[in-house]
Structures are given as structure tokens and as C-alpha cells.
Amino acid sequence: MASLPVNKLIPSTILPSTSRRSPSTFIIKCQQQSAKAVSPAAESAPVSSVEASRLEPRVEERDGYWVLKEKFRDGINPAEKVKIEKDPMKLFIENGISDIAGLSMEEIDQSKHFKDDIDVRLKWLGLFHRRKHHYGRFMMRLKLPNGVTTSEQTRYLASVIKKYGKDGCADVTTRQNWQIRGVVLADVPEIIKGLEAVGLTSLQSGMDNVRNPVGNPLAGIDPHEIVDTRPFTNLISQFVTANSQGNTSISNLPRKWNPCVIGSHDLYEHPHINDLAYMPATKNGKFGFNLLVGGFFSMKRCEEAIPFDAWVPAEDVVPVCKAVLEAFRDLGFRGNRQKCRMMWLIDELGLEGFRAEVEKRIPNQVLERASSEELVKKDWERREYLGVHPQKQEGLSFVGLHIPVGRLQADEMEELARLADEYGSGELRLTVEQNIIIPNVENSNVEALLNEPLLKERFSPEPPILMKGLVACTGNQFCGQAIIETKVRALKVTEEVQRLVSVTRPVRMHWTGCPNTCGQVQVADIGFMGCMARDENGKPCEGADVFVGGRIGSDSHLGEVYKKAVPCKDLVPVVVEILINQFGAVPRDREEAEQ
């Protein structure tokens with residue numbers, strides 16, 4: 001299916017204002033559309049058993065920012081109190097970041113207000129202070145819709161982390177974007193200017209915001225794609241950040257919110273773990289999307305997304321996204337942080353009740369029922385994207401590179417940028433499995449690319465079979481919430497297991513350092529969730545709960561606990577046992593004896 005033209009996908013009235021750091025024009029447009037969407041009849045219609053008072057919006061707009069009303073402030077969580085004291089977006093829109101960037105860490109720590117700025121509010125700018133393990137240093141998370149980036153952007157990010165020496169590095173995340181590490185506060189204003197110059201932003205990438213819109217990493221080059229997801233993910237991202245100027249109308253959500261747009265039969269985008277997933281479907285001869293809602297992982301609960309019984313035409317992707325977000329913003333829980341994700345609200349209102357609230361907030365107040373004409377083939381066997389593969393464009397190929405647990409150094413990023421320029425079109429694609437694709441390589445240049453030292457020595461297109469599906473979160477090297485170290489350990493355990501058994505098919509193994517499950521262990525064939533365990537002498541040690549049985553694709557399923565609190569030093573025999581009993585692995589000593 002040919003790509004749809006961007007100007008046909010979204011009404012001009014919902015496109016964000018491009019005025020520099022001024023939310024007013026864009027917010028007024030959003031307010032006008034919301035006002036038109038909610039009719040008195042719709043407000044009074046009985047749609048669920050929930051009392052009418054429960055459907056009163058809990059937030060209201062004041063001076064360009066959305067604020068929790070006083071009467072709904074009882075029992076709110078600490079993060080909500082920090083937002084009430086000062087809207088985090090003021091650090092960007094009113095340039096508050098310049099003021100705190102001039103302070104020393106000692107001065108900041110003497111003031112609760114400034115401490116809240118750097119430990120909480122700066123997350124709205126994509127900056128995460130690593131107070132516990134990397135005091136005074138920040139991780140910066142970028143917005144990278146669909147995982148598409150350029151050689152110029154990659155070089156700039158490499159230049160940022162290079163100056164920080166051993167403290168600087170970068171990670172490819174499970175949401176197709178970059179995170180750079182080692183950043184110091186004094187450099188942030190200049191880094192933000194540099195990001196803007198190369199077309200990047202870190203705005204609204206953390207805390208209670210819409211996270212990076214995920215799409216097909218092969219969008220526009222896949223011979224079998226259903227639709228090019230890039231126009232849709234780009235438009236969602238433009239709406240979410242008001243063209244990188246700051247969209248305060250949706251920056252005060254009850255909790256984080258993940259969107260994705262599906263463009264492939266392979267479901268590379270993992271729709272079932274997103275708050276809102278767009279699934280391609282036609283209706284009455286028109287292209288659009290069925291919707292899934294409510295997928296999420298958290299410390300206390302993990303749920304797959306469920307059908308919303310709704311279909312939207314392609315041009316309504318952003319208006320419906322906006323309506324769902326406003327319903328969540330207006331009505332979501334703001335107490336216990338473990339019960340603030342959107343699925344908890346859907347549970348309370350019921351699916352039809354939540355659907356009615358979304359309908360109130362869309363311009364025509366009508367949300368069509370789901371289409372039966374789904375375009376994703378359910379019996380499709382997921383294709384491998386690592387290695388060399390032909391594109392839909394004649395004479396071109398894409399080359400998928402394995403990035404071990406997603407970690408890169410500055411010189412490696414610079415070299416990737418060079419390879420993208422020399423062999424491709426200056427573009428790189430990031431994947432949710434923490435790998436990178438170089439698209440648009442002329443077939444005559446493929447062999448030369450494969451012989452480049454970086455591919456021979458570090459980022460192989462053909463990694464060992466158990467390395468292919470290896471994913472790991474940051475771990476306690478940098479993250480204060482992680483209980484165990486993950487990245488080095490994931491590689492070490494996998495290497496040891498490879499020496500003991502032979503497998504004939506990829507097995508996806510995911511590591512996460514804590515129950516927040518950023519490493520998404522529940523969707524892995526085998527998952528490892530960091531915890532404290534006890535060794536053979538009863539002494540506390542780093543360990544992991546082992547999960548088995550996660551599936552991705554049309555028959556997606558969340559894995560379940562196989563064994564709890566396994567000391568990390570004892571994980572290798574447990575993994576070997578699982579691979580032999582459930583994945584057809586053969587012990588190497590037996591394999592060699594049979595040869």
C-alpha cells in the first residue's frame with residue numbers, strides 16, 4: 001500500500017502552533033475543539049453505572065497550564081503535589097532551565113524546590129537525574145518517532161556524550177529512541193539548542209507524558225508492509241509536543257502513556273503492550289485503523305491491550321489520540337501511582353463508559369465501531385530483520401545490525417553515522433529490540449559494508465542465535481530503581497549458555513533490573529526480573545525472578561513466573577534447563593558425541 005500524503009491525514013485545526021515556546025495558540029484550538037465535542041446531551045447520557053459526579057473533569061486550564069482542581073487534591077501522590085507547586089513545563093516554556101543550570105549541585109540540594117526541579121520536574125524535559133548511582137549526572141531521553149534518525153543527529157549526540165569520557169554513553173531503548181548518559185546540568189541549555197538545530201527534541205519524553213510513538217522499523221522500505229507508519233507517528237509526535245514547542249494541554253496526565261501505529265504483519269511494534277495501538281483495517285473501502293487500548297506494564301500489574309471496538313479513518317488518527325488522552329487526563333486516578341495507568345480508568349468506567357467519554361471529546365462526537373476487515377495477517381510468521389534484506393525499491397537493501405543490549409559509545413555512533421552516509425542515505429532506524437537498521441544500501445555496496453570493521457568486530461548482522469533476541473534495561477549501573485546489574489550480566493549469562501547448549505531457533509531473552517519492567521520481560525520467551533535472593537548460605541544476594549512463555553505477534557501472551565528469586569550466579573543452569581525442556585535445545589557435549 002502506498003504511503004498516504006501527510007496533509008491528508010490530519011485536519012489543519014488540530015496541528016500545533018509553530019510559534020516559539022508559546023502554548024497559547026495551540027491550547028486555545030484544543031480547548032475550542034473540546035468545548036464543541038461535549039454537548040449537554042452527551043454529558044447527561046447514562047453510559048455506565050458510575051455516578052455523574054465521577055465524570056467531572058479533575059483538571060482545568062489556568063493561564064496556559066492544566067491544573068488539578070482543589071476539590072480533587074485529597075489523597076494525591078507526591079508527584080501530583082510537585083506538579084501543583086510548579087508546572088514542570090515552565091522549565092521549558094518559561095526557560096526556567098537556564099536558571100537552575102547556573103546553580104551548583106550543593107546550592108540545589110539546599111532547597112527542596114530546586115531538588116524537586118532536578119529530580120522530578122526535569123523529567124518533562126527528558127532529563128533524569130541519576131542521584132543514587134551517578135550523582136550530578138543526567139540521562140537524557142530523546143523523542144524519535146518511528147525510530148528514524150539521521151547521521152547528522154547521531155553525530156551530534158555522539159559529540160555530546162564524547163565530552164563526558166567514561167561517564168558518557170548511549171542506549172537504544174525498547175521504544176525505538178535514544179537515551180544519552182553522563183549529561184551535566186550546566187550543559188543542558190546548550191544541548192537543547194543543539195538538539196533543535198538538528199531536528200531533535202527531548203521534550204515531554206518522561207514522567208506523566210506521552211512516550212515515543214512506535215512504528216514499523218521497516219516503514220517505507222518493506223516489500224510486504226501494510227502502510228507506511230512514519231507519517232502517523234510523526235504527526236502524533238508533532239501533536240504531543242506542539243512541534244517541539246511544548247503542548248501543556250496533555251503534559252499533566254495521571255501517568256505515562258504509550259502509543260504505537262502498526263504497519264506490518266510482523267507486529268514489530270508490539271501493539272499489545274501499548275496504551276493506544278492503531279491496527280490497520282479497511283471499512284467500506286476506506287483505509288483506517290481499529291484501536292486497542294490499555295496495554296501496560298507496572299510493578300503491581302501487567303495487562304495486554306484490549307479491543308476498543310472502534311475504527312478510525314486515517315485522517316482521524318491524531319484527533320482520536322487527542323480525545324483518548326483528554327479523557328485520561330480529565331478522569332484518571334492521581335492517588336496510588338501503581339493504579340494511575342489508563343487501564344485502571346477503563347476498569348472503573350467500563351469499556352463502553354470510557355468509550356463514551358472519548359466520544360464526547362472528538363469533534364463529531366461519533367466513534368465508529370470496529371471493522372471486521374483487519375489487514376494484519378494472523379497466520380504470518382515473523383520475519384528476521386537482522387542481516388541483509390531486499391527493499392521494495394529495486395536495487396536497494398536494508399542491513400539490520402545487532403547492537404549488544406543496545407549500548408553504544410561515542411566513537412561507535414560516529415562510525416555508524418559514517419556508514420549510513422557512505423553506504424546508505426544518511427538514515428538509521430532504531431528498533432524496539434535495541435538494534436539498528438541501515439536502509440537504502442545499493443546492492444552493489446552491500447559486500448563492502450559487511451566487510452567494515454564495525455560490523456566484523458562489534459555490530460554483527462549475523463550474531464549468535466541466542467544473542468539475536470537479547471534485550472536488557474539500564475540496570476543498576478545507572479538506574480537508581482534497578483536492583484541488579486543487567487547489561488553486562490545478560491551478555492555473560494548468554495555467552496555461558498551458548499557454550500553449554502545448541503539451539504536451532506532464536507529465543508528472545510529479556511532482562512529488567514526491577515519490577516518496573518522497562519526490559520519488558522513479560523513478552524520474552526525467557527525473562528529475568530531483578531530481585532534480591534539468598535545464596536546457599538542464606539545470605540542476601542542479587543537474583544532474578546525467571547519468566548517463561550511470553551509471546552509477541554497476533555497470538556501475543558504475557559509470560560508467567562517459572563522460578564522466583566534465583567541467585568544470579570545460579571541462572572545459567574536454570575536457563576539451560578528451560579532451553580532443553582521447552583525450546584528443543586541440545587547439550588553441546590551430546591551434540592558433539594553424536595557427530
Side-chain angles (χ1 to χ4, degrees), residues 78-79 82 88 91 97 100-112 114-142 156-175 177-192 194-195 202 205-207 211 256 403-413 434 471-492 511-519 530-532 542 568:
V82 170
L91 291 174
I97 181 62
I100 59 173
L103 300 175
S104 69
M105 290 301 297
E106 290 75 16
E107 290 173 308
I108 287 169
D109 282 346
Q110 291 172 6
S111 162
K112 178 184 180 302
F114 288 142
K115 283 182 69 176
D116 285 342
D117 276 345
I118 71 160
D119 289 343
V120 183
R121 296 187 189 97
L122 275 182
K123 293 177 182 179
W124 271 254
L125 278 66
L127 287 156
F128 295 71
H129 184 212
R130 308 288 73 174
R131 178 175 288 275
K132 186 174 180 181
H133 294 305
H134 221 192
Y135 178 76
R137 298 280 178 168
F138 291 76
M139 177 270 282
M140 181 177 244
R141 179 183 296 148
L142 284 303
Y156 175 69
L157 296 177
S159 73
V160 172
I161 63 174
K162 196 168 195 173
K163 68 182 290 187
Y164 300 126
K166 63 181 178 60
D167 291 316
C169 62
D171 289 325
V172 180
T173 80
T174 55
R175 291 205 67 80
N177 55 357
W178 289 115
Q179 291 182 169
I180 58 174
R181 301 186 181 280
V183 173
V184 296
L185 190 58
D187 294 341
V188 167
E190 285 304 310
I191 292 174
I192 290 175
L195 291 175
S202 63
S205 61
M207 278 296 279
R211 303 304 176 86
K256 68 178 180 180
I403 312 298
V405 293
R407 174 61 54 82
L408 300 95
Q409 303 301 322
D411 58 343
E412 294 167 338
M413 295 175 73
Q434 302 178 316
V471 169
C473 77
T474 302
N476 66 10
Q477 179 187 4
F478 295 117
C479 179
Q481 297 188 58
I483 300 167
I484 67 170
E485 194 283 322
T486 54
K487 287 191 180 288
V488 173
R489 180 170 280 132
L491 292 168
K492 182 179 178 182
W511 288 72
T512 195
C514 75
N516 285 313
T517 196
C518 296
C531 67
M532 291 306 296
E542 290 192 359
C568 286

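- Counting all heavy atoms, side chain and backbone alike, C473 lies closest to G513 at SG-N, 3.0 Å.
- Of the possible polar contacts, one joining the R211 side chain to the M207 backbone as a donor-acceptor pair under 3.5 Å is found.
- In this structure, the side chains of R407 and V488 stay at 4.5 Å or more apart for every pair of heavy atoms.
- Inter-residue side-chain proximity for W124 and L91 is flagged as unmet; no heavy-atom pair is nearer than 4.5 Å.
- Q434 contributes a side-chain N or O that, together with a main-chain N or O of A472, makes up a donor-acceptor pair within less than 3.5 Å.
- Between E412 and I403 there is no side-chain heavy-atom pair separated by less than 4.5 Å.
- Interatomic distance, F138 CZ to D119 CG, rounded to the nearest 0.5 Å: 7.5 Å.
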**OP:** Might you work through the side chain to side chain contact (heavy atoms under 4.5 Å, CB included) test for R181 and T474, ending with a clear yes or no?
**Re:** CA-CA 11 Å; R181 301 186 181 280; T474 302; 2.6 Å; yes

**OP:** Output, in order, the C-alpha distance, side-chain angles, deciding distance and verdict of side chain to side chain contact (heavy atoms under 4.5 Å, CB included) for L185 and I97.
**Re:** CA-CA 9 Å; L185 190 58; I97 181 62; 4.3 Å; yes

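- Side-chain contact between M139 and D171 is absent, with no heavy atoms from C-beta onward closer than 4.5 Å.
- The minimum heavy-atom distance between G206 and R141, with the atom names listed, is CA-NH1, 3.8 Å.
- Proximity of a side-chain donor or acceptor of Y156 to a complementary backbone N or O of I191 within less than 3.5 Å is detected.
- A 4.5 Å side-chain heavy-atom check between N476 and K132 finds every atom pair outside the cut-off.
- Between W178 and L408, some side-chain heavy-atom pair lies under the 4.5 Å cut-off.
- Remark: side-chain polar atoms of R121 are paired, donor with acceptor, to backbone N or O of V82 under 3.5 angstrom.
- With rounding to the nearest 0.5 Å, the separation of CD1 in I161 from CG in D167 is 11.5 Å.
- Side chains of K256 and K123 form no contact here, defined as non-hydrogen atoms less than 4.5 Å apart.
- Nearest heavy-atom pair across C514 and A482 is CB-CA, 4.1 Å.
- Interatomic distance, CG of L195 versus OG of S202, reported as 6.0 Å (0.5 Å rounding).
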Subject >> From CA spacing to verdict: side chain to side chain contact (heavy atoms under 4.5 Å, CB included), I100, F114 >> reply: CA-CA 7 Å; I100 59 173; F114 288 142; 3.8 Å; yes

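- One distance of note links SG of C169 with CD of Q477; it measures 6.5 Å at 0.5 Å rounding.
- The backbone N or O of T512 sits nowhere less than 3.5 Å from a side-chain atom of T486 that would complete a donor-acceptor pair.
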**OP:** Verify side chain to side chain contact (heavy atoms under 4.5 Å, CB included) between Y135 and H129, making sure each step is shown before the conclusion.
**Re:** CA-CA 7 Å; Y135 178 76; H129 184 212; 4.0 Å; yes

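- Put simply, CG on L157 and CD1 on I180 are 5.5 Å apart, with the number rounded to the nearest 0.5 Å.
- A pairwise comparison of heavy atoms in R137 and G182 identifies NH1-O, 2.7 Å as the closest pair.
- Using a 4.5 Å heavy-atom threshold, the side chains of V188 and L122 count as separate.
- For A490 against V405, the heavy-atom pair with the smallest separation is CB-CG1, 4.2 Å.
- In this structure, CH2 on W511 lies 5.5 Å from CD1 on I484, to the nearest 0.5 angstrom.
- Between E542 and I483, the shortest heavy-atom distance links the atoms OE2-O, 3.7 Å.
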